[in-house]
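Please read these numbers as outputs of a predicted model, since none were measured by experiment. The chains referred to below are lettered A, B, ... by the order of the sequence lines, with proteins before strands, and numbering in each begins at 1.
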Number of protein chains: 2
Amino acid sequence: MEKPGFADFSCSIARTLDVIGEWWTLLVLRDLFAGMERFDDIQQDLGIATNMLAARLKRLLDAGLVEREVAPDDGRARVYRLTARGRDLYPVLLSLMAWGDKWLAQPGEQPVLVVHQGCGKVTAAVPACSVCGEPLDLGDLKFQAGPGGRAGPGTARVGRYLGHED
Amino acid sequence: MEKPGFADFSCSIARTLDVIGEWWTLLVLRDLFAGMERFDDIQQDLGIATNMLAARLKRLLDAGLVEREVAPDDGRARVYRLTARGRDLYPVLLSLMAWGDKWLAQPGEQPVLVVHQGCGKVTAAVPACSVCGEPLDLGDLKFQAGPGGRAGPGTARVGRYLGHED
């Protein structure tokens, strides 16, 4: 399917999906978070076609989420690593994982356990307020049109629902 | 592009993407979170083809994230609403939004503001520990192969990186 023009939407969800929303990309990022650095390793882990993986990594390199370096132990080889911008996506992966563990896995059958070393317990990420630190329940949130909001493709009407008059 | 078989991967990220990872789906969910209920409203907001929107909503209905009801004011019309399972995806949307606001918007140009009514401030979601409530920094996390983990398509090698011997 042709990729929609999400980058031009006045929406931070759409813009983020423009970078990471293609099939496989979030699993490539998952493997980089797990510590894989080699193209062949990721390719074999996922069972993805090599041309597809190359295209996904190129997009991540172009968007500044991943960097490619000479392998420390082999000057002809290359390794892929997350940049600060890429590592900052870990809340997205944690929230996808938490939902899948809760709604799509059998009880007690999580494929991966996340241990919070601060308290030593197996955890799941829950959203908290960046200002006061309290948990963010959906009912405690109000969404408002922001200074960068505008009515346009991808956001033609939503502003009215957020208290914004076009 | 043909959809990969993410549903069969032993990975809660992949399984979640199997349900919500197609282009447009997360923006359809965004509009439902904003309070849109009508097919035509969502279609016009996004500028999406009607057959595409119908397919996306059908997938969400089939997966139990959305329910369709008779419109209260018009017995011939239908409204779409998030189920508890669908509403529980709000941390995914908040984390996508927070990353896009930080890395892809001009400073002070967020398209949408999230207000935490508990403290009254404009917030961004940050991940916290479901057990102790403290913030989850990436460096505080350890990932381990879980009881539902197995080596297979999509996870052929990652277990070794998580301390799991195949």
Enquirer: In terms of relative ring orientation, are B:Phe9 and A:Trp24 parallel, tilted or perpendicular, with 30° and 60° separating the classes?
Expert: tilted
Enquirer: Side-chain heavy atoms nearer than 4.5 Å, only ILVMFWY residues, links allowed to pass through others: does that put A:Phe6 and B:Leu53 together?
Expert: yes
Enquirer: In terms of heavy-atom proximity below 4.5 Å to chain B, should A:Arg30 be classed as side chain, backbone, both, or neither?
Expert: side chain
Enquirer: I'd like to verify something: which residue of A:Ala124, A:Gly35, A:Gly139, A:Ala125 has the highest number of heavy-atom pairs under 4.5 Å with chain B?
Expert: A:Ala124
Enquirer: Any chance you could lay out the salt bridge (Lys or Arg N to Asp or Glu O under 4.0 Å) test for A:Arg59 and A:Glu22, step after step, and finish with the verdict?
Expert: CA-CA 10 Å; A:Arg59 175 78 179 117; A:Glu22 289 182 300; 5.2 Å; no
Enquirer: Is there a side-chain contact (heavy atoms from CB on, under 4.5 Å) between B:His116 and A:Asp140? Walk through the geometry before answering.
Expert: CA-CA 6 Å; B:His116 178 212; A:Asp140 281 341; 4.0 Å; yes
Enquirer: Is there any residue in residues 38-50 of chain B with a non-hydrogen atom under 4.5 Å from a non-hydrogen atom of chain A, and which ones are they?
Expert: B:Asp41, B:Gln44, B:Asp45, B:Leu46
Enquirer: Can you tell which of A:Leu113, A:Thr123, A:Thr155 has the highest number of heavy-atom pairs within less than 4.5 Å of chain B?
Expert: A:Leu113
Enquirer: Among B:Arg81, B:Arg78, B:Arg68, which one satisfies salt bridge (charged side-chain N to carboxylate O under 4.0 Å, His left out) with B:Glu37?
Expert: B:Arg81
Enquirer: Sort by residue number and list every member of residues 90-103 of chain A having a non-hydrogen atom under 4.5 Å from chain B.
Expert: A:Tyr90, A:Pro91, A:Val92, A:Leu93, A:Leu94, A:Ser95, A:Leu96, A:Met97, A:Trp99, A:Gly100, A:Asp101, A:Lys102, A:Trp103
Enquirer: Given that the side chain runs from C-beta out, which part of A:Lys121 has a heavy atom under 4.5 Å from chain B: side chain, backbone, both or neither?
Expert: side chain
Enquirer: With the 4.5 Å side-chain cut-off for hydrophobic clustering, are B:Leu136 and A:Val126 part of the same group?
Expert: no
Enquirer: Is there a path of hydrophobic side-chain contacts, each under 4.5 Å between heavy atoms, that joins B:Val66 and B:Val28?
Expert: yes
Enquirer: Are B:Leu162 and A:Leu82 in one and the same hydrophobic cluster, where Ile, Leu, Val, Met, Phe, Trp and Tyr link if side-chain heavy atoms are under 4.5 Å apart?
Expert: yes
Enquirer: Does any backbone or side-chain atom of A:Leu65 lie under 4.5 Å from a heavy atom of chain B? Answer side chain, backbone, both or neither.
Expert: side chain
Enquirer: Check the pair B:Leu138 / A:Phe33 against side-chain contact (heavy atoms from CB on, under 4.5 Å), numbers first and verdict last.
Expert: CA-CA 10 Å; B:Leu138 184 58; A:Phe33 273 107; 3.6 Å; yes
Enquirer: Identify which of B:Gly21, B:Ser10, B:Gly108 forms the greatest number of heavy-atom pairs closer than 4.5 Å to chain A.
Expert: B:Gly21
Enquirer: Are B:Trp23 and B:Leu61 grouped together when hydrophobic residues (ILVMFWY) are joined by side-chain heavy atoms under 4.5 angstrom apart?
Expert: yes
Enquirer: Return the minimal non-hydrogen interatomic distance between A:Glu109 and A:Ala105, and the atom names on each side.
Expert: O-CB, 3.9 Å
Enquirer: Give a yes or no answer on whether the side chain of A:Arg85 reaches the backbone of A:Ala63 with a donor-acceptor pair at less than 3.5 Å.
Expert: yes
Enquirer: Count the heavy-atom pairs under 4.5 Å between each of A:Ala34, A:Cys132, A:Cys129 and chain B, then report the option with the highest count.
Expert: A:Cys129
Enquirer: Can you tell which of B:Val114, B:Ile20, B:Leu89, B:Asp31 has the highest number of heavy-atom pairs within less than 4.5 Å of chain A?
Expert: B:Leu89
Enquirer: What closest approach, in Å, do A:Arg15 and B:Leu104 show between heavy atoms, and which atom pair accounts for it?
Expert: O-CD1, 3.3 Å
Enquirer: Could you report the tightest heavy-atom contact between A:Val79 and A:Ala71, atom names first, then the distance?
Expert: CG1-CB, 3.9 Å
Enquirer: Top residue by heavy-atom pair count (under 4.5 Å) with chain A, among B:Ala7, B:Cys11, B:Gly133?
Expert: B:Cys11
